[in-house]
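Given the structure is predicted, the values throughout are model-derived calculations rather than measurements. Just so it is clear, the values below take in all heavy atoms, side chains as well, and ignore hydrogens, waters and symmetry mates. We number each residue from 1, following the sequence as shown.
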Amino acid sequence: MEVLTPIFVAVFAALLFIIFHYVIWRLDCSRNWSVVLITGLSIVAYLITIYIISDEIYSHIWVSCPLYMFGMMLYLQFYMGIDRSVSIRILGEVLKTGNKQMSLKELDKFYSQVSMIQSRLDLLVIKGFLLEIDGKYQCTTKGTVLARLAIFTRKIYALTN
């Protein structure tokens with residue numbers, strides 16, 4: 001069992017996290033805290049698991065913690081892709097229609113191009129990445145650092161718009 005303990009701890013913590021996430025996400029108030037709440041829940045689930053297992057923590061933490069964190073990163077990537085990806089959400093809207101097709105005008109009812117951009121700009125201002133001055137937007141220092149990092153990363157991977 002000693003060899004399987006780190007795997008058991010990581011899997012048990014992940015299952016506990018998924019239960020917490022499912023139950024808490026049923027509360028509408030939790031939606032505004034998605035990344036912060038997921039991070040907090042993942043830490044709490046791991047700590048509870050360590051407490052429940054009550055095994056010598058040093059016997060597994062070097063394997064169970066990185067394994068668990070890797071699983072949480074995969075989960076977060078999957079969750080955020082489903083929750084935030086406009087492309088995936090548009091695919092869902094098209095699929096839910098009776099004839100499985102929609103025009104741009106019909107899609108605009110669900111995803112107004114203007115409101116989608118405006119809501120993103122508003123969020124960037126609230127989070128301190130942009131400043132709005134007389135209806136024009138300007139990057140803050142925080143926004144400049146993130147934008148330069150994104151531009152650099154896109155160059156490394158040869159990604160174009």
Side-chain angles (χ1 to χ4, degrees), residues 1-96 100 110-111 115-131 137 139-161:
M1 179 67 179
E2 295 255 344
V3 175
L4 296 177
T5 300
I7 296 169
F8 175 76
V9 168
V11 169
F12 185 84
L15 290 173
L16 189 60
F17 165 78
I18 289 170
I19 291 168
F20 287 163
H21 188 202
Y22 178 79
V23 169
I24 290 176
W25 252 241
R26 293 289 167 204
L27 308 172
D28 284 334
C29 62
S30 67
R31 304 242 181 238
N32 295 331
W33 294 88
S34 61
V35 175
V36 174
L37 196 53
I38 286 174
T39 303
L41 286 176
S42 65
I43 292 168
V44 167
Y46 186 74
L47 293 175
I48 289 173
T49 300
I50 288 174
Y51 180 77
I52 290 171
I53 300 298
S54 69
D55 193 17
E56 180 63 36
I57 190 170
Y58 295 110
S59 69
H60 63 77
I61 194 166
W62 310 111
V63 177
S64 67
C65 189
L67 182 62
Y68 177 69
M69 288 189 311
F70 176 70
M72 288 298 97
M73 285 189 289
L74 289 177
Y75 183 85
L76 187 59
Q77 193 68 16
F78 171 76
Y79 176 79
M80 296 309 279
I82 296 300
D83 183 46
R84 303 284 167 110
S85 173
V86 176
S87 301
I88 292 174
R89 290 166 63 183
I90 287 172
L91 289 171
E93 294 299 335
V94 171
L95 189 63
K96 288 191 293 187
K100 310 283 189 256
F110 295 102
Y111 302 104
S115 68
M116 284 177 50
I117 293 170
Q118 188 62 55
S119 66
R120 284 172 167 78
L121 288 171
D122 293 344
L123 183 61
L124 289 169
V125 169
I126 290 168
K127 296 295 183 179
F129 291 99
L130 288 177
L131 288 174
Y137 295 92
C139 284
T140 62
T141 303
K142 183 175 161 181
T144 301
V145 169
L146 183 60
R148 285 189 177 146
L149 181 63
I151 291 167
F152 176 73
T153 304
R154 293 181 68 77
K155 283 181 183 178
I156 289 174
Y157 290 112
L159 298 172
T160 58
N161 288 338

Going by heavy atoms in the side chains, are Leu149 and Val145 under 4.5 Å from each other? no
For Tyr68, which residues count as a ring-ring contact (aromatic ring centres under 6.0 Å, His included) partner, sequence neighbours excluded? Tyr46
Residues, nucleotides or ligands: over 12 heavy atoms within 6.0 Å of Tyr111 OH: yes
side-chain contact (heavy atoms from CB on, under 4.5 Å) for Ile90 and Val86? Distances and angles first, verdict last. CA-CA 6 Å; Ile90 287 172; Val86 176; 3.7 Å; yes
Checking Ile38 against Phe17 for the side-chain contact (heavy atoms from CB on, under 4.5 Å) test, could you report, in this order, the C-alpha distance in whole Å, the side-chain angles of both residues, the deciding distance, and whether it holds? CA-CA 9 Å; Ile38 286 174; Phe17 165 78; 3.8 Å; yes
Atom of Ser64, atom of Ala10 and distance for their closest heavy-atom approach: O-CB, 3.8 Å
Can you tell me how far OG1 of Thr5 sits from CD1 of Ile61, rounded to the nearest 0.5 angstrom? 13.5 Å
Could you tell me which residues satisfy side-chain contact (heavy atoms from CB on, under 4.5 Å) with Val63, sequence neighbours excluded, listed by chain and number? Pro6
Give the C-alpha distance, both sets of side-chain angles, the deciding distance and a yes or no for side-chain contact (heavy atoms from CB on, under 4.5 Å) between Leu121 and Val125. CA-CA 6 Å; Leu121 288 171; Val125 169; 5.6 Å; no
Residue set satisfying salt bridge (Lys or Arg N to Asp or Glu O under 4.0 Å) with Lys96, at least two apart, ordered chain then number -> Glu93
Between CD1 of Ile48 and CZ of Phe12, what distance do you get to the nearest 0.5 Å? 9.0 Å
Do Ile50 and His60 have side-chain heavy atoms sitting under 4.5 Å apart? yes
Hey, what do you get for NZ (Lys142) to CG (Leu124), rounding to the nearest 0.5 Å? 10.0 Å
Euclidean distance, Leu41 CG relative to Tyr22 OH, rounded to 0.5 Å: 15.0 Å
If you round to the nearest 0.5 Å, how far is OG1 of Thr144 from CG of Leu130? 9.0 Å
Atom NZ of residue position Lys100 - does it have more than 12 heavy atoms of other residues, nucleotides or ligands inside 6.0 Å? yes
State, yes or no, whether a side-chain contact exists between Leu74 and Phe70 at a heavy-atom distance under 4.5 Å. yes
Using a cut-off of 6.0 Å, state whether more than 12 heavy atoms not belonging to Lys127 lie near its atom NZ. no
In terms of ring plane angle, is the pair Phe78 and Tyr75 parallel, tilted or perpendicular, where the classes change at 30° and 60°? tilted
Step by step, would you call Leu76 with Met72 a side-chain contact (heavy atoms from CB on, under 4.5 Å)? CA-CA 6 Å; Leu76 187 59; Met72 288 298 97; over 6 Å; no
Measuring from Leu16:CG to Thr49:OG1, what's the distance to the nearest 0.5 Å? 5.0 Å
